[in-house]
Number of protein chains: 2
Amino acid sequence: MNKFMLIYNQMVDKIEKGEYPPSTLLPSENELKDSFQTSRETIRKALNLLSQNGYIQKIRGKGSVVIDITKMNLPVSGLVSFKELAEKMGREPITTVHELSLIHPDRELTSHLNPHPKDLIWKVVRTREIGGEKVILDKDYLLKSAVPTLTKEVCEDSIYSYIENQLGLQISFAKKEILIEEPTEEDHSFLDIDGFHNVVVIRSQVFLEDASLFQYTESRHRPDKFRFVDFARRRPTV
Amino acid sequence: MNKFMLIYNQMVDKIEKGEYPPSTLLPSENELKDSFQTSRETIRKALNLLSQNGYIQKIRGKGSVVIDITKMNLPVSGLVSFKELAEKMGREPITTVHELSLIHPDRELTSHLNPHPKDLIWKVVRTREIGGEKVILDKDYLLKSAVPTLTKEVCEDSIYSYIENQLGLQISFAKKEILIEEPTEEDHSFLDIDGFHNVVVIRSQVFLEDASLFQYTESRHRPDKFRFVDFARRRPTV
DNA sequence: AAGTGGTCTAGACCACACT
DNA sequence: GTGTGGTCTAGACCACTTT
């Protein structure tokens, strides 16, 4: 692993264990440079990562303040799969696969997924169950040219971990849009949403390391189980 | 302005104008270094900014691909005030101030805003009107110790621009939480939400440059006017 | 082999905060 | 003035892709 990543991880540990307490200053970049036996620019890379992820605030002329994370509910927003999410919340997730098929894209799907002509698309429809209730309906569309095979078992576990660990593909970024809609008949038939008047719809486009779009997902959440946390800096960390 | 910022801005221009077309490679870092007459590390800072903001994808051994932004609806999520937001959407926003008062924090507010004992808090209640309909209810709480004076005129314009331009304070980051709730009586009396069964609630803590928390905001949106866009990278850009 | 981006170094100068 | 973080440089070596 990179040197700056090792330093970053060690410093995250120390912050989370309270060795660098909230609202105090970290050692200066020059002190850290000496104690980690590296150059200042490498220290700065580690500190910039801490800053981007909401652990510290750098103040010119003063130092780097440890931000009080007890007031900050969750990690930074990002690409998190359902499985990771549920595990973090300490619940046992149940995934049910309702459909797994190869389709030709229609016009709407084409506008979201940009397939080459004649590309086939995997369509996966799944519900997610937490605490005995079906609260999430996921409709995934994946380019067959990127993911040649897909099985029910993979879909019941985690498509992401299959793609990254088995196929060796790297997911690099995603664009998401969050909207509120009224439940469709499909929502009513797959989810436990009696008495709810809205669903939260998250539409995502997911891209691989070569910037190619390979997946479009529509994730429909019962509103009472939806929570989104965001940490945003006003200025870039360079 | 910084050199890397100038280079970044120029390259954003070229990408948006199509001089660097989507899905093509940028000039290599060494070529850019020569043409901008700078060092490679400075070029890399500009490129990392482009990467963080979703303009390019860097691929080791190959180059930097321009991402097709026509498929990406809006700029990266971040701290955007209502005024900036409405102006971007080309609508004339109307802000109505319903309350502007100094209060002592109760227990719930204390937990969100962490005031010193005896700190007074500005409470500002405003509605936002777009297209003739009141669709957003904003309840802001600001530490008087950070913002000594506040007027109705400022609240009707933009509290943020007053804080940054008049007071000279720098807002540095914010933590947001997005949830769906049922409308309260207050929502019904201030907003045009007849026939809607949910509101989108965005609770934010806003921090200054010295990492001090100075504002807590609850922003309540009519669900049909709510849209949140997010761009997330899986790996850090360093 | 040549070219690309990724990492790391050592040093310089600057803007800013403290004392 | 001293110490802090912010910027910039020139050079080196590495991992990876392409020819």
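Keep in mind that what you see is a predicted model, and the values were worked out from it rather than measured. Residue numbering restarts at 1 for every chain, and letters A, B, ... go by the order of the sequence lines.
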Specify the residues of residues 5-15 of chain B, ordered by number, for which at least one heavy atom lies under 4.0 angstrom from an atom of DNA chain D.
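Nothing qualifies; none.
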
- Side-chain contact, heavy-atom cut-off 4.5 Å: B:Leu143 with B:Pro115?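 Contact flag for B:Leu143/B:Pro115 side chains = yes.
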
Would you say [N] has OP1 or OP2 under 4.0 Å from some side-chain N or O of [X]?
X: A:Ser28; N: D:dT4; value: yes
X: A:Arg44; N: D:dG6; value: yes
X: A:Lys3; N: C:dT9; value: yes
X: B:Ser64; N: C:dT4; value: no

Secondary structure of DNA chain C per the Watson-Crick/G-U criterion (both distances under 3.5 Å; [ ] crossing, | other strand, . unpaired) is ||||||||||||||||||.

(Q) Using 30° and 60° as the class boundaries, would you call the ring planes of A:His112 and A:Tyr216 parallel, tilted or perpendicular? (A)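 The arrangement is parallel - the two ring planes meet at less than 30°.
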
Mind checking what makes side-chain contact (heavy atoms from CB on, under 4.5 Å) contact with [X], not counting sequence neighbours?
X: B:Asp106; value: B:Glu108, B:Leu109
X: B:Asn2; value: B:Phe4, B:Met5
X: A:Arg235; value: B:Gln170
X: A:Arg60; value: none

[X]: salt bridge (charged side-chain N to carboxylate O under 4.0 Å, His left out) partners, not counting sequence neighbours:
X: A:Lys62; value: none
X: B:Arg126; value: B:Asp140
X: B:Lys123; value: B:Glu99

| said: Restricting to ring-ring contact (aromatic ring centres under 6.0 Å, His included), what partner residues turn up for A:Tyr20, sequence neighbours left out? | reply: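 For A:Tyr20, no residue satisfies ring-ring contact (aromatic ring centres under 6.0 Å, His included) once neighbours in sequence are set aside.
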
* Taking only residues two or more places apart in sequence, or in another chain, which ones meet A:Tyr55 in a ring-ring contact (aromatic ring centres under 6.0 Å, His included)? ->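 In terms of ring-ring contact (aromatic ring centres under 6.0 Å, His included), with neighbours along the sequence ignored, A:Tyr55 is linked to no residue.
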
Between [atom2] of [N] and [atom1] of [X], the distance in whole Å:
X: B:Lys58; N: C:dG6; atom1: NZ; atom2: P; value: 4 Å
X: A:Glu29; N: C:dT9; atom1: CD; atom2: C1'; value: 15 Å
X: B:Ile43; N: C:dG5; atom1: CD1; atom2: P; value: 11 Å

Once base and sugar-phosphate atoms are separated, protein heavy atoms under 4.0 Å mark nucleotides 10-18 of chain C, 5' to 3', with B, S and - as B-B--BBSS

